[in-house]
Amino acid sequence: MTRKLIAGNWKMNGSLAANEALVRAVAQGMGNAQCDVAVCVPAPYLAQVAQLRAGTKLELGAQDVSKHEQGAYTGEVSAAMLRELGVRYAIVGHSERRQYHGETDELVADKAKAALAHGVTPIVCVGETLAEREAGQTADVVKRQMAAVIHVNGHCISEIVVAYEPVWAIGTGKTATPEQAQEVHALLRAQLKAASTHPERVHILYGGSMNAANAATLLAQPDIDGGLIGGASLKAPDFLQIIAAASAASK
Ligand code: PGA
């Protein structure tokens, strides 16, 4: 069975003091977890969390990355800069960036490429809105989002992580049922299989109100290889319970 991956997405939350308490509690509490664990933190805190996590098994992630190498792109952060800080993962194409910052499928694909070129694993987010689900378009939407990333990244596609995040489940307390999530994960898996030489390497995470209470049943689904956790990653006891569920499911 695949070793699961649990990635926290802090979004725009944190402070120097709060980060220190949270990272220490998570790193200590996870001990020798049987799953991989990362926290994706706001850019200004990457250096702080890089120091706090040193010597632990907790991996560091960013929440975005520029598609550009370097230069006159005010406000952007390059993959090389992330790598220099010891960043292992970068979320790309989160629905909040697609929605509030106009990120297109093509831009998301280019960002994934820039990350891969510098040894940063992109966590590529895909997912449908409530209107799209109700119109029966879920499969078309996630396949279209995924196809753009496959098209631009070719053979490197087996090096990415995918996160299926139904937009209607993010931060709403409404979780996809394990069956709803599994159905979409299975079709993403089939799409990746057709495009990749090592599809078994690709982790497909579920995200959208995953919490301490529902993590175990979601993670028991055959094609759910981990979770991308927003709200529950800000509370150490909740995040640790999800890590424990993932550890148990990884064995
Ligand atoms: P949530 O967020 O767990 O708070 O729903 C998940 C995400 O947006 O990655």
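Remember, it's 1-based here, ligands and their atoms both numbered in the order they're listed. Values reported hereafter were calculated over all heavy atoms of this structure, with side chains retained and with hydrogens, waters and symmetry mates removed.
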Pair E103 + K111, salt bridge at N-O below 4.0 Å: yes

Decide, yes or no, whether a salt bridge links D225 with R189 under the criterion of side-chain N to carboxylate O below 4.0 Å. yes

Atom-level proximity to ligand 1, residues with heavy atom under 4.0 Å: N9, K11, H94, E165, A169, I170, G171, G208, S209, L228, I229, G230, G231

Identify each donor-acceptor pair in which a side-chain atom of residues 211-222 lies under 3.5 Å from a protein atom, sequence neighbours left out, and give them as a table.
| residue | atom | partner | partner atom | Å |
| --- | --- | --- | --- | --- |
| N211 | OD1 | A213 | N | 2.9 |
| N211 | OD1 | N214 | N | 2.9 |
| N211 | OD1 | N214 | ND2 | 3.3 |
| N214 | OD1 | N211 | N | 2.8 |
| N214 | ND2 | T175 | OG1 | 3.1 |
| N214 | ND2 | S209 | O | 3.0 |
| T217 | OG1 | N214 | O | 3.1 |

Just by distance, do the side chain of R53 and the backbone of L58 share a donor-acceptor pair under 3.5 Å? yes

Residues in ring pair (Phe, Tyr, Trp, His ring centres under 6.0 Å) with H68, at least two apart? Y73

Quick one: side chains of residues 140-148, donor-acceptor pairs under 3.5 Å with protein atoms, not counting sequence neighbours, listed by atom name and distance.
| residue | atom | partner | partner atom | Å |
| --- | --- | --- | --- | --- |
| R144 | NE | D105 | OD2 | 2.7 |
| R144 | NH2 | D105 | OD2 | 3.4 |
| Q145 | OE1 | G127 | N | 2.8 |

